[in-house]
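The structure under discussion appears below in the form of structure tokens.
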Amino acid sequence: MLGSGLIDGYKVGRLLGNRINTAIDFYHKQLQTTHKRAKLIFSGGQGADEKLPEGKAMQQYAIDHGVPEADTLVEDRSVNTKQNMQFSEQIIRNDGGSDTSKKIFVTNNYHTLRAGILAHQLKIAAYGLGAPTPFYFLPNAVIREYLALFVMHKKFHLTVFILMLALSITLAIGALLVPKP
């Protein structure tokens with residue numbers, strides 16, 4: 001589970017709570033279907049304005065909502081999505097997991113694409129599970145994710161922009177050179 005910041009430095013807010021609740025629902029469905037206990041990794045470090053690491057607050061939230069502590073692990077060093085993935089992968093390996101372990105990551109639905117791209121770039125075979133996002137947060141979230149994807153692939157976007165600009169200039173010059181009837 002990827003962190004997303006704490007309210008007042010220690011409380012799980014609605015956005016993060018939706019992620020955790022989605023993971024808890026998956027945990028219970030997995031247990032009911034396969035009779036195997038999944039391990040939940042709560043991933044998030046401590047920001048300058050936070051009183052404890054996000055991962056610890058997330059773990060406590062899940063325990064308070066019925067997940068046995070024995071089925072939880074905490075990653076509490078990451079400060080971004082890439083580190084969430086890298087450090088959680090290391091925890092999986094240290095806990096006996098391998099490249100063939102089945103993995104999912106849980107984040108909000110607007111963030112699933114970028115998190116999946118990062119997982120792929122890091123060669124982590126994981127499926128994304130998107131939690132619902134409150135409607136009022138979507139405009140800001142979608143803009144932020146678009147900009148993050150733009151920055152992740154800036155060479156591609158700059159190349160496309162330059163090609164479009166060159167084509168536009170070529171067409172404009174061509175239109176000026178064509179005699180008017």
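Keep in mind that what you see is a predicted model, and the values were worked out from it rather than measured.
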Using every non-hydrogen atom in the two residues, find where [X] and [Y] come nearest and quote the distance to one decimal.
| X | Y | answer |
| --- | --- | --- |
| S4 | L16 | OG-CB, 3.5 Å |
| F105 | A119 | CE2-CB, 4.5 Å |
| T112 | G130 | OG1-CA, 3.6 Å |

Given the rule that I, L, V, M, F, W and Y join up when any side-chain heavy atoms are under 4.5 Å apart, are [X] and [Y] in one cluster?
| X | Y | value |
| --- | --- | --- |
| Y61 | L129 | yes |
| L2 | I124 | yes |
| I63 | I24 | no |
| M85 | F42 | no |
| L113 | I104 | no |

message: Taking atom NZ as the centre, does K56 end up with more than 12 heavy-atom neighbours from other residues, nucleotides or ligands that are less than 6.0 angstrom away?
response: no

field: Within 6.0 Å of OH in Y146, more than 12 heavy atoms from elsewhere
entry: no

Hey, what do you get for [atom1] ([X]) to [atom2] ([Y]), rounding to the nearest 0.5 Å?
| X | Y | atom1 | atom2 | answer |
| --- | --- | --- | --- | --- |
| N108 | T22 | CG | OG1 | 7.5 Å |
| Q86 | S43 | CD | OG | 10.5 Å |
| I162 | L167 | CD1 | CG | 13.5 Å |
| T133 | L138 | OG1 | CG | 5.5 Å |
| K11 | K51 | NZ | NZ | 9.0 Å |
| E89 | L122 | CD | CG | 9.0 Å |

- request: Would you tell me whether H111 and T81 have side-chain atoms, one donor and one acceptor, within less than 3.5 Å of each other?
  value: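 Present: a donor and an acceptor within the cut-off.
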
query: Do E75 and S88 get their side chains close enough for a donor-acceptor pair, meaning under 3.5 Å?
result: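 The answer is no; no qualifying pair exists.
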
task: For the pair L40 and M58, evaluate side chain to side chain contact (heavy atoms under 4.5 Å, CB included) and give the outcome as yes or no after the intermediate values.
output: CA-CA 10 Å; L40 299 178; M58 294 162 65; over 6 Å; no

Quick check against the 3.5 Å criterion: does [X] have a side-chain atom that pairs as donor or acceptor with the backbone of [Y]?
| X | Y | value |
| --- | --- | --- |
| E50 | G47 | yes |
| D95 | I91 | no |
| T34 | K36 | yes |
| N18 | P132 | yes |
| H157 | H153 | yes |
| K39 | A70 | yes |
| Q30 | F26 | no |
| T72 | E69 | yes |
| R19 | G3 | yes |

Any side-chain heavy-atom pair of [X] and [Y] under 4.5 Å:
| X | Y | value |
| --- | --- | --- |
| Q46 | D76 | no |
| L15 | P134 | yes |
| I117 | M152 | yes |
| R14 | Y136 | yes |

- request: Classify the angle between the aromatic ring planes of Y110 and F137 as parallel (below 30°), tilted (30 to 60°) or perpendicular (above 60°).
  value: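 Tilted, since the angle between the ring planes falls between 30° and 60°.
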
message: If the condition is salt bridge (Lys or Arg N to Asp or Glu O under 4.0 Å), which residues does E145 pass it with, not counting sequence neighbours?
response: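 Partners of E145 by the salt bridge (Lys or Arg N to Asp or Glu O under 4.0 Å) criterion, ordered by chain and then number, come out as R114.
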
message: Could you work out, with side-chain contact (heavy atoms from CB on, under 4.5 Å) as the rule, every residue matching S168, not counting sequence neighbours?
response: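 Scan of S168 (side-chain contact (heavy atoms from CB on, under 4.5 Å), adjacent residues dropped) gives none.
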
task: Start with the C-alpha gap between I20 and V12, add the side-chain angles, then the distance that decides, and say whether side chain to side chain contact (heavy atoms under 4.5 Å, CB included) holds.
output: CA-CA 9 Å; I20 301 168; V12 170; 3.9 Å; yes

message: List the residues meeting side chain to side chain donor-acceptor pair (under 3.5 Å) with R37, not counting sequence neighbours, and say none if there are none.
response: Y27, D71

